[in-house]
**Student:** 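Let me give you the structure first, and then I'll get to my questions.
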Amino acid sequence: INGVGIARDAAGRGLDVVLCEKGDLAGGTSSTSTKLIHGGLRYLEHYEFKLVRSALSEREVLLKAAPHIVSPLRFILPQSPGVRPAWLIRIGLFLYDHLGGRERLPGSGSITLTGSPYGAPLKPELQKAAYYSDCWVDDSRLVALNALDASERGATILTRTECVQAAPDADGQGWQVTLVDHNDASRRHLHVRVVVNAAGPWAERCLGEVIDGVPATVMRLVRGSHIVVPKLFDHDSAYIFQNPDRRIVFAIPYEHDFTMIGTTDDDFNGDLDHVKASDYEIDYLCETANRFFAQPISKDDIVWAFSGVRPLLGGGGDQAKEVTRDYRLDLQKAVSGSAVLSVLGGKITTYRKLAEQAVTKLEGIFNTGKDAWTATATLPGGDIANADIDAFIAKAAATYSWLPSDLLRRFAIAYGTRMSVLLESVTNRDAMGAQVCPGLFECEIRYLVDHEWAKTAEDILWRRTKLGLHADQDAVSRLQDWMAAQSMGKHAEAQAAKGTR
C-alpha cells in the first residue's frame with residue numbers, strides 16, 4: 001500500500017514513475033491486514049498520541065476519498081474483569097473522540113449488554129460494554145485503486161516484475177536498475193533518478209541484497225494471523241475483546257456470511273514468501289473467541305486462515321504488541337551520491353500521509369514545484385455525491401434494474417462509480433457473459449484483467465474480490481481454464497499482428 005500510494009502521489013505531481021511488484025498487487029501484507037482504518041485505541045496506552053492523532057484524521061480523509069471501499073464500523077468493547085478498568089477505558093475513548101478532528105463518525109459511549117442484540121451472542125457474565133467507531137476497508141482493493149489512479153496519471157505499473165539489482169551511477173545522477181519479468185523471465189534495464197524502497201517486510205532485504213552501496217536497516221518482523229468462521233452474530237457491528245494477557249482481538253462481520261477474528265502479534269523469522277498461521281496462533285484465536293462468545297468454535301469451523309508480516313521499527317526487547325506502528329522515511333545516499341528513499345514501518349491507515357511526506361521529501365531532488373494534492377482527491381470510483389454510498393446504491397439500482405440486488409450492492413461497494421466501466425455495453429443479465437464462479441461473471445473478469453492487473457484465479461478470488469470464500473475447486477478450475485484460454489487468445493492475436501507488420 002505504501003508503494004502504490006507513493007506512485008500515485010508522485011505521478012500526480014508530474015514525475016515519471018515506474019512501480020515494480022514481484023508478485024500481485026497486495027500479494028503480501030496489504031491484503032492480510034485486519035482491514036481497519038483506525039486510530040489504534042490501544043496505542044494510547046503507550047503514549048503514541050501523535051500516531052493516533054494522525055491516524056484518526058486520516059479516517060476522515062479516506063472516508064471522503066473512497067466511500068465505496070471505506071465505511072464506518074461500530075465496535076463493542078465488553079468490560080472484562082482483571083484487565084483494563086472501566087474508568088481507564090472511558091478516558092481512552094474521550095481522547096479517541098477528540099484527538100483527530102472527528103467529523104462524520106459518531107462518538108463513543110456505553111451500553112448494557114443484557115437484553116441487547118450486542119449481548120445476545122456473548123456469554124451472559126458479560127453485562128456492560130463501551131462502544132466507539134472506526135472504519136472498515138477492503139485493503140487489497142485499496143491497493144488496486146491506488147495503482148489504478150497512479151496508472152491513469154501516467155505511472156507504469158509492472159506486476160510479476162522483480163527488481164533484482166539497483167546499482168548507483170558513478171556520477172551520482174541516479175541508478176541502473178535491472179527488472180526481471182516473472183511471466184517470461186525477460187530482463188529490462190532502466191536508468192532512474194531515485195529508487196524508492198517500499199517493499200514492506202522485504203525492505204531490509206532489498207537494502208542488503210538488491211540496492212547497492214547503502215547500509216541496511218534492521219527491522220522487526222511480526223506476524224499477524226486471522227481466522228474466518230461462519231458468522232457468530234447477526235448485527236453489523238464488530239467486537240473488540242480484551243484478553244488476560246492484555247492483547248486485544250477483533251471479531252468483525254465479514255463478507256455477509258462470516259466472522260473474521262484476529263489478530264496476533266508473533267515475531268517472525270521464516271520465509272516471507274510463505275507465511276501462514278501457526279497452530280499456536282489458531283489455537284489462541286479460537287480460545288479468545290470461546291472466552292467471549294456463547295457459541296464455541298474449533299479448528300473445524302475455520303473456512304479460511306490468513307497471515308501477514310508487518311515490518312516494525314524497534315529492537316527485540318519489547319513484546320511485539322508494544323512495538324510502535326509508526327514509520328520512518330530514510331533518504332540515504334550511496335557512495336556515489338545517488339539517492340534512495342526507504343519506507344520503514346507504518347500501517348495501512350496512514351499510507352496516504354506517508355506517501356505525501358515521502359514525495360515531499362523527494363521534492364528537494366526533483367524540484368517540481370507541485371504541491372501535495374491527495375488530501376482532497378478521490379480514488380477511482382470514489383467520486384460519489386456527498387460520499388453517500390447508500391444513495392449511490394439506490395441510484396444504481398434504478399440504472400441497472402435488471403441486476404440482482406446482492407450483485408448490484410457488491411459491484412457498488414467494490415467499484416463505486418467505476419461500475420459504469422465494468423458494465424459498459426452490458427444492458428441485461430445475458431450480456432454479462434457466463435457465470436464462471438459463484439457470483440463471478442465474464443464481464444467482471446475482463447474488467448479485472450484489463451484494468452486491475454489480475455492475471456490468475458487467485459488474484460481475482462482472494463484479492464480483487466473475496467469470492468474464493470464461495471468457490472469450490474471445480475469453480476476455481478473453471479476460472480483458471482477461462483483465464484488460460486483468454487491469455488492464449490491474446491498471445492495468438494499478438495503474434496498475428498507481428499506477422500502482419
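Source: prediction; values computed, not measured.
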**Student:** Is any NZ, NE, NH1 or NH2 atom of the basic residue among Glu58 and Lys64 found under 4.0 Å from an Asp or Glu carboxylate oxygen of the other?
**Tutor:**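 No, no charged N to carboxylate O under 4.0 Å.
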**Student:** Rounded to the nearest 0.5 Å, how far does CZ of Arg8 lie from CG of Leu148?
**Tutor:**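 Here the interatomic distance stands at 10.5 Å.
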**Student:** Ring-plane angle category for Phe306 and His226, please: parallel below 30°, perpendicular beyond 60°, tilted otherwise.
**Tutor:**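 Correct class here is parallel.
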**Student:** In terms of heavy-atom contacts, does CZ of Arg409 have more than 12 from other residues, nucleotides or ligands at under 6.0 Å?
**Tutor:**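 Incorrect, the count does not exceed 12.
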**Student:** Parallel under 30°, tilted from 30 to 60°, perpendicular over 60°: which one fits the rings of Phe293 and Phe241?
**Tutor:**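 The rings of Phe293 and Phe241 stand perpendicular, inter-plane angle above 60°.
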**Student:** With rounding to the nearest 0.5 Å, note down the distance linking CD1 in Ile460 to CD in Glu452.
**Tutor:**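 It comes to 9.5 Å.
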**Student:** Of all heavy-atom pairs between Ile389 and Ala412, which one has the smallest distance, and what is that distance?
**Tutor:**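 Answer, listing the atom of Ile389 first, then Ala412: CD1-O, 4.1 Å.
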**Student:** Regarding Arg74 and the six-membered ring of Tyr131, is the cationic atom NZ or CZ under 6.0 Å from the ring centre and inside 45° of its axis?
**Tutor:**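 The answer is yes; both the distance and angle limits are met.
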**Student:** Are the charged groups of Glu45 and Arg84 less than 4.0 angstrom apart, N to O?
**Tutor:**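 Salt bridge between Glu45 and Arg84, a charged N being under 4.0 Å from a carboxylate O: yes.
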**Student:** Return the CZ to CD distance between Arg246 and Gln242, rounded to the nearest 0.5 Å.
**Tutor:**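 Taking CZ in Arg246 and CD in Gln242, the distance rounds to 8.0 Å.
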**Student:** State whether Tyr447 and Arg418 meet the cation-pi test: NZ (Lys) or CZ (Arg) under 6.0 Å from the six-membered ring centroid, and within 45° of the perpendicular axis.
**Tutor:**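 No, Arg418 does not lie over the aromatic ring of Tyr447.
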**Student:** Do other residues, nucleotides or ligands put more than 12 heavy atoms under 6.0 Å from Asn428 CG?
**Tutor:**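 Yes.
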